[in-house]
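Here the structure comes first, spelled out in structure tokens, and everything after it is commentary.
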Amino acid sequence: MLHLITRRPSSQLSHMSSLNDLPDELLLEILHFLDAIRSFETQSTAFKRKQIERERQRENCVRKRALYSLCLTSHRMRALSTPTLYASSCTSATRSGLRQLQLLHRTISAPNNALCQTKLLAEHILYVENRLADFRGNSLQNDEVFLQESFATYSRLLGDLV
């Protein structure tokens with residue numbers, strides 16, 4: 001399908017709305033659709049349908065990046081997006097999961113981490129998920145070096161988060 005881009009006269013540009021023109025209540029409803037997709041199954045049950053589980057994990061990653069991007073757009077969007085961004089932590093016991101957990105732990109542990117917020121970032125956390133494998137194909141059982149050297153650090157950080 002071919003889309004043609006046409007230039008609008010400058011008089012029409014002033015009538016266009018942006019995301020920032022929407023009221024907070026509407027933006028919060030939109031942000032609700034970027035919440036993490038929770039898993040209510042154990043890992044062994046979820047990975048019986050590997051493709052569905054990997055797609056859920058991938059979608060959570062996309063949603064997290066979208067929320068992070070929204071936080072960077074303006075002070076207002078940051079204030080509205082931050083609670084949803086920090087409401088969940090979905091990681092895996094892998095090297096990349098350890099890096100994500102380290103960054104999250106460092107961010108929520110800083111005393112001044114909640115700029116323009118009334119709550120500390122750690123107070124927003126409602127859901128913590130840990131898997132032994134991720135959608136990229138990384139897994140705890142395939143990474144002997146991680147298991148021997150970094151798993152204790154990962155477990156400690158996960159325990160602190162919980």
Side-chain angles (χ1 to χ4, degrees), residues 1-41 43 46 49-131 133-138 153-154 157-162:
M1 182 184 309
L2 180 63
H3 295 284
L4 297 175
I5 299 173
T6 59
R7 278 186 77 85
R8 294 180 184 204
S10 59
S11 63
Q12 287 182 352
L13 289 177
S14 63
H15 298 293
M16 292 178 58
S17 295
S18 72
L19 199 57
N20 264 340
D21 294 333
L22 297 174
D24 288 354
E25 295 80 8
L26 205 52
L27 289 172
L28 289 171
E29 284 298 316
I30 294 168
L31 291 170
H32 173 69
F33 287 98
L34 295 175
D35 281 336
I37 302 168
R38 295 181 179 194
S39 176
F40 296 99
E41 303 172 321
Q43 179 167 306
R49 298 183 324 257
K50 279 185 182 180
Q51 191 57 36
I52 292 170
E53 175 62 13
R54 286 183 175 159
E55 288 300 320
R56 185 189 67 81
Q57 288 182 10
R58 184 177 290 113
E59 178 63 22
N60 280 341
C61 186
V62 168
R63 289 175 181 207
K64 192 65 82 173
R65 283 194 311 254
L67 284 165
Y68 179 73
S69 295
L70 284 170
C71 285
L72 298 175
T73 60
S74 69
H75 291 291
R76 180 174 173 236
M77 287 305 295
R78 180 178 182 193
L80 293 172
S81 300
T82 296
T84 306
L85 177 65
Y86 288 96
S88 63
S89 170
C90 301
T91 59
S92 59
T94 62
R95 284 183 216 201
S96 64
L98 173 61
R99 183 70 182 135
Q100 290 172 8
L101 203 51
Q102 286 171 325
L103 291 171
L104 176 62
H105 191 270
R106 185 186 70 196
T107 302
I108 66 172
S109 297
N112 62 349
N113 61 13
L115 299 171
C116 303
Q117 298 289 311
T118 57
K119 292 170 69 173
L120 293 175
L121 296 177
E123 293 177 26
H124 292 295
I125 297 174
L126 302 172
Y127 177 73
V128 176
E129 176 182 294
N130 173 59
R131 295 292 193 203
D134 65 21
F135 70 92
R136 293 178 185 95
N138 302 313
T153 302
Y154 179 86
L157 290 174
L158 188 63
D160 285 352
L161 182 63
V162 172

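FYI, the numbering just counts along the sequence from 1. Just so it is clear, the values below take in all heavy atoms, side chains as well, and ignore hydrogens, waters and symmetry mates.
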| message | Applying side chain to side chain contact (heavy atoms under 4.5 Å, CB included) to C90 and Y127, what does each step give before you reach the verdict? | response | CA-CA 8 Å; C90 301; Y127 177 73; 3.9 Å; yes
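- Under a 3.5 Å cut-off, the side chain of Q57 and the backbone N or O of F135 do form a donor-acceptor pair.
- S109 places no side-chain N or O within 3.5 Å of a backbone atom of R106 that could act as its donor or acceptor partner.
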| request: Dump the intermediate steps for side chain to side chain contact (heavy atoms under 4.5 Å, CB included) on S39 and R131, then the final yes or no. | output: CA-CA 10 Å; S39 176; R131 295 292 193 203; 2.6 Å; yes
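- When side chains are defined from C-beta on, L19 does not count as touching T73, because their heavy atoms never get closer than 4.5 Å.
- Partner of E53 under the side chain to side chain donor-acceptor pair (under 3.5 Å) criterion, out of Q51, R56, R49, K50: R56 alone.
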| message | Please evaluate residues T107 and Y86 with respect to the criterion side-chain hydrogen bond (donor to acceptor under 3.5 Å, both in side chains), reporting the C-alpha separation (whole Å), side-chain torsions for both, the decisive distance (0.1 Å), and the verdict. | response | CA-CA 10 Å; T107 302; Y86 288 96; 4.8 Å; no
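- Contact check for T84 versus L70: no side-chain heavy atoms found under the 4.5 Å cut-off.
- Taking each heavy atom of L27 and M77 in turn, the nearest pair found is CD1-SD, 3.9 Å.
- Across Q102 and T153, no two heavy atoms sit closer than the pair NE2-CG2, 4.4 Å.
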| request: Show your reasoning for whether side chain to side chain contact (heavy atoms under 4.5 Å, CB included) applies to R38 and L126. | output: CA-CA 11 Å; R38 295 181 179 194; L126 302 172; 3.9 Å; yes
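- The backbone N or O of I37 lies less than 3.5 Å from a partner atom in the side chain of N60, making a donor-acceptor pair.
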